[in-house]
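A short write-up of the structure that comes next.
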Amino acid sequence: MWWWCVSVCCAGTSGSDTAVLLSVTAGLRIVHQPKTDYYFEYTECDSTGSRWRVAIPHRQGSCSGLPEPVRGTDCTFSCEAGEFLEMSSQQCTACAAGSYSLGSGVRFDQWDSIPAGFSSLATYMEPEGSGDESLSCNNSSWTPQGTHLESNRDECTVSLVYAVHLMKQGSVSFDYQYVDNNVFFEFFIQNDQCQEMDQTADQKWIKLTSNGEWGTHTVNLKSGTNILYWRTTGILLGGKPVKPVLLKNIQIEGVAYTSECFPCRPGTFSKTPGSSSCDLCPRNTYSNKGASSCTPCPEAQYSEEGWAECKERPPCSEKDYFQIHTACDSNGKTQVLYRWVEPKVCVEDNVTGAVTLPPSGEKEDCPPCNPGFYTHNSSTCLPCPPGTFSDGITDCQACPAGTEPSLGYEYKWWNILPRNMKTSCFNVGNSKCDDMNGWEVAGDHIRSGIGGSDNDYLILTLRVPGFKLPTSVAGVTASEFGRITFVFETICSADCELYFMMDVNRKSTNVVESWEGTKSRRAYTHIMTKNASVSYTWAFQRTNKPSDVRRFVNDIVKIYSITVTNALDGSASSCHACALVSQESGSSCVPCPAGHFIDKDTNQCQECPPNTFLSGHHIYGEEACQQCGPGSKSNKEHSVCFSDCSFSHTDQNRTLTYDLSALSSVGSIMNGPSFTSKGTKYYHQFNISLCGPEGRKVAVCTDNVTDLSSKDLQSESAALNNYVETFVCQSTIIPADGRGFRTALSSQSISLADTFLGATVESTLDGVSVRPDLFPETSRKLPDINFFYRSPRITASCEHGRSAVITLRCNPEKGERGELTVSSKCPAGTCDGCMFYFLWESSSACPICTEADYHSIEGACKGGMQDTLYVWNEPKLCTKGVSLPEKSSAPCEAVPLWLKVGIGGGAFMAVLLISLTCYFWKKNKRLEYKYSRLVMSANKECELPAADSCALAEGEGEENEDDVVYSNTPSLLGKLKAIASKV
């Protein structure tokens, strides 16, 4: 407090401490009265709004002889702009020439160093990623660049902080450049309790600007202490440095008074007393600090606007001139001319090594007019009248019956700049090229101009007031209103960069694509998905490093052709067929209803066949209706193919049917975390709209999201956010923890799937293939279902656009919604940045249950009743569908029929076996008898008789069967007799 400072001045408070305190609390400069030992200052205001003017000694301890305190001016008192409060008289006094004041405000427009009261604070990275905080961001800070401040180029969080004490409500405004969406740039305010003031999203989050353009941001301030924060956070996910945020002209209104005027900075002047600002010195003049006029440079020197000194004029070289083509004359001739780069600063006469301007070239035939134009008076190209067309060589002709003109722009000859294009040059740090053309026409191409410095932005802009669909497709639900295609190449020896940007409805300019370094001749196409006025901008920068020496003047970009379809004020280079009311002569063109094509034979509208969709803006002929992929169907308008959450597949003579409706709502997965080289933790979040909603793309990814779970497109912050709506999208999420953010931040939202190709169990569809090595194989016999998607947008790294495959796998343990995962081999969801793979395991990915998925088990017959149970086949790999039948009971017998049949059959077989046994036993006994007779006969004669046969005659000996003697096997009685005879 000032009163405290005054009361303790004699007790040891240092003057430096007092000065720091005053500068922080009031943002004011202290007036030192010359030839005195003290200066005047005001005390803090009391509760009645009063204050006192007191004298403060310059030297510590010198408190004697000070003037008595006197009542000061009212606390809300302030002087007008161009005046300051003279403390001796407490009267407003006009600033002297060579100085300025804002009255009740302060302005910071000189950045040779960081002004007093400002501080640059770096926030360390998270310890999980960086490990050693002391090595993280010590060298990161806001850097003064003379005319502006530049933020850090790494991924550290760096805050520019300034505290000001306002006695009344005021405001803060500043100019800025913010072109890189890999940087989060926020401006917020805290009170003296370090509590953040309430701010709307558009006040806190700064909007992007176009390359080379400055934006202005203004926020109201409350009375009291306001601590201002400009905070940037870079995200280096690909190793490419971010483009810094630039700040200049910070102005704060609402301070109670200013007690001195600010001297004009070098290179500026104020001619009259009472100035509220200083003017830049003109070219070839300079000034020192506090100048009231500018001094002309010597003849051998030069300066640019706003320079503080003059420099020697260099000798002219090839880098100081350029060539142009003159406009066609009345004879249809053009000529190559050479011109000095203006303003000319080089010397060509009497200087060693200096070059002179080359002579002009010979006249040559002008190139033809661009398609859609015709030659007027041999020198001017004019657009064809409505209803006619021309190829640029012949005169305009009326479109034949049954056709209409194809409106648009087709620029491929560059003798003059088209009327809807303009070119400019811009440099952040100087105004050398403000009056130069950024691009020059060169016959068969348009090329980047010479510029004033190597780090100039050379800008080419094409304005399209809107788009108009051809009559025949005016009723179609359009996903494409028009497209721009341009052919270009870059030739660079340094770090040049070409930006292609788009500004829709004059709201904000966003970078669509950029290319670094040398690029061979190629084409790029961007599709407009909504009807709006749009400005397309090409900005070329040879290098982003400022230098007074021209080294890369030969680095150029060439654009050979630019084509825009369906432009509202375009001309026609050709005609296309249209739908007619009837085949009668003179019938007029009419729009076809949604989902209809033009029949080639009748030129009338016909509806597309089922499950086909119309490709883009072309509807002529039935071939315009393209077949939807497998597992998909078209919506009613035939504008898109989608999955209705049903799928069927025939496997081994069995048809498997799937119901995927449980997966119709948007699924999300956040992988990671991942860490950048400095330890910034980030995640990739993917939102997936698999099926349903009649083909509407309901997966939404946004930038600068505060609530990641929902997106209200009508909310206040929606206009600030860049968002994409598609089937599959990706955002990079920076978590709130560890970075000082109150909420998580989202950036780099991109679409991975604009078109649904189809669903199949095959591993390849329309050139997109599954990589089976990314996910573990399933042990189940059911096949996986693969959903294939494509985003046709071409990028610098994906020449064929991006693609995505979502593999559905039956897993009853995961529940209906299941679980989304990415491969551990490619934790970012992709291995090359162009092809993305996801695995979605869910019970909903199992087929619908049928009778083939369960079996019955019959119980024992008890009490004349038998139970039958039904159980699922294990493992159960189905869901929903049929239910298990209830347990059933049926009457049964004690001895069932099959048992009876079995017993009867067994008894019959037993009887048969016994009969056969008896038969063969008796047969064997007969043979034994006959043999014994034969043996006995042989014993009587001591030899065997010769016999014709061993057999007996038929019926021989049968009468004495009971007296048979068994020789081979004697009976028990015979054995006993034999033993007795031996004894």
Looking at every heavy atom in both K876 and C849, which two are closest together, and how far apart are they? CE-SG, 4.0 Å
Among residues at least two apart in sequence or on other chains, which ones pass side chain to side chain donor-acceptor pair (under 3.5 Å) with T807? N786
Examine F727 together with Y789 and report whether their ring centres are nearer than 6.0 Å. yes
Measure the spacing between NZ of K925 and CG of L927 and express it to the nearest 0.5 Å. 11.0 Å
Which class fits the ring pair Y682 and H684: parallel under 30°, tilted 30 to 60°, perpendicular over 60°? perpendicular
Any donor-acceptor pair under 3.5 Å from D867 side chain to K887 backbone: no
Could you check whether E725 pairs with K697 (Lys NZ or Arg NE/NH1/NH2 to Asp/Glu carboxylate O, under 4.0 Å)? no
Do T233 side-chain atoms and F184 backbone N/O form a donor-acceptor pair below 3.5 Å? no
How are the rings of F686 and F838 set to each other: parallel, tilted or perpendicular (split at 30° and 60°)? perpendicular
Flag if over 12 foreign heavy atoms under 6.0 Å of CD, E816: no
If you compare all heavy atoms of R771 against all heavy atoms of C831, which two are closest, and at what distance to 0.1 Å? NH1-SG, 3.8 Å
Where is the tightest heavy-atom contact between D601 and D599, given as atom of each residue plus distance? N-OD2, 2.9 Å
Would you check if R809 and W840 make a side-chain contact, meaning some heavy-atom pair closer than 4.5 Å? no
Enter the distance from Q626:CD to L614:CG here, rounded to the nearest 0.5 Å. 9.0 Å
From CG (L820) to CD (E841), nearest 0.5 Å: 10.0 Å
Is the distance between the SG atoms of C878 and C846 less than 2.5 Å? no
Write down the atom of D659, the atom of K880, and the distance for their closest heavy-atom approach. OD2-NZ, 3.2 Å
Any side-chain heavy atom of H855 within less than 4.5 Å of one from V871? yes
Ion pair present between K600 and E623, side-chain N to carboxylate O less than 4.0 angstrom? yes
Would you call R654-D853 a salt bridge at under 4.0 Å N-O? yes
Does S632 reach the side chain of S643, with side-chain heavy atoms less than 4.5 Å apart? no
Using every non-hydrogen atom in the two residues, find where V822 and F775 come nearest and quote the distance to one decimal. C-CE2, 3.7 Å
Decide yes or no on side-chain contact (heavy atoms from CB on, under 4.5 Å) for F613 and C608, but give the supporting numbers first. CA-CA 7 Å; F613 70 100; C608 283; over 6 Å; no
Set out, in order, the CA-CA distance, both residues' side-chain angles and the distance that settles side-chain contact (heavy atoms from CB on, under 4.5 Å) for L690 and S664, then state yes or no. CA-CA 6 Å; L690 186 73; S664 61; over 6 Å; no
If you define the side chain from C-beta out and look only at heavy atoms, does anything of P891 sit under 4.5 Å from M865? yes
Within the 4.5 Å heavy-atom criterion, are V700 and V698 side-chain neighbours or not? no
Taking the six-membered ring for Trp, are the ring centroids of F467 and F481 within less than 6.0 Å of each other? no
Once rounded to the nearest 0.5 Å, what's the spacing between atom CG of L656 and atom OG of S648? 9.0 Å
Would you please say whether a donor-acceptor pair under 3.5 Å links the side chains of S689 and N687? no
Would L808 and L660 satisfy side-chain contact (heavy atoms from CB on, under 4.5 Å), going step by step from the backbone distance to the final call? CA-CA 10 Å; L808 300 186; L660 306 176; 3.7 Å; yes
Could you tell me whether the side chains of S665 and R817 share a donor-acceptor contact shorter than 3.5 Å? yes
Would a distance-only check, ignoring hydrogens and angles, find a side-chain to backbone donor-acceptor pair under 3.5 Å from N635 to S639? yes
Start with the C-alpha gap between D832 and T830, add the side-chain angles, then the distance that decides, and say whether side-chain hydrogen bond (donor to acceptor under 3.5 Å, both in side chains) holds. CA-CA 6 Å; D832 58 4; T830 177; 3.1 Å; yes
Side chain proximity check, Y683 to P673, heavy atoms < 4.5 angstrom: yes
Under 4.5 Å between any side-chain heavy atoms of N603 and Y620, yes or no? yes
Verify whether one side chain among S731 and S749 offers a donor that lies under 3.5 Å from an acceptor in the other. yes
Should D766 and R790 count as an ion pair when the cut-off is N to O under 4.0 Å? yes
How long is the gap from OG1 on T612 to NZ on K633, to the nearest 0.5 Å? 13.0 Å
Does a side-chain heavy-atom distance below 4.5 Å link V768 with M835? yes
To the nearest 0.5 Å, how far apart are CG in L869 and OG in S889? 8.5 Å
Start with the C-alpha distance between I598 and Q606, add both sets of side-chain angles, then the distance that settles side-chain contact (heavy atoms from CB on, under 4.5 Å), and finish with yes or no. CA-CA 6 Å; I598 302 174; Q606 291 192 12; over 6 Å; no
Smallest heavy-atom separation, P630 atom then L757 atom, equals CD-O, 4.2 Å
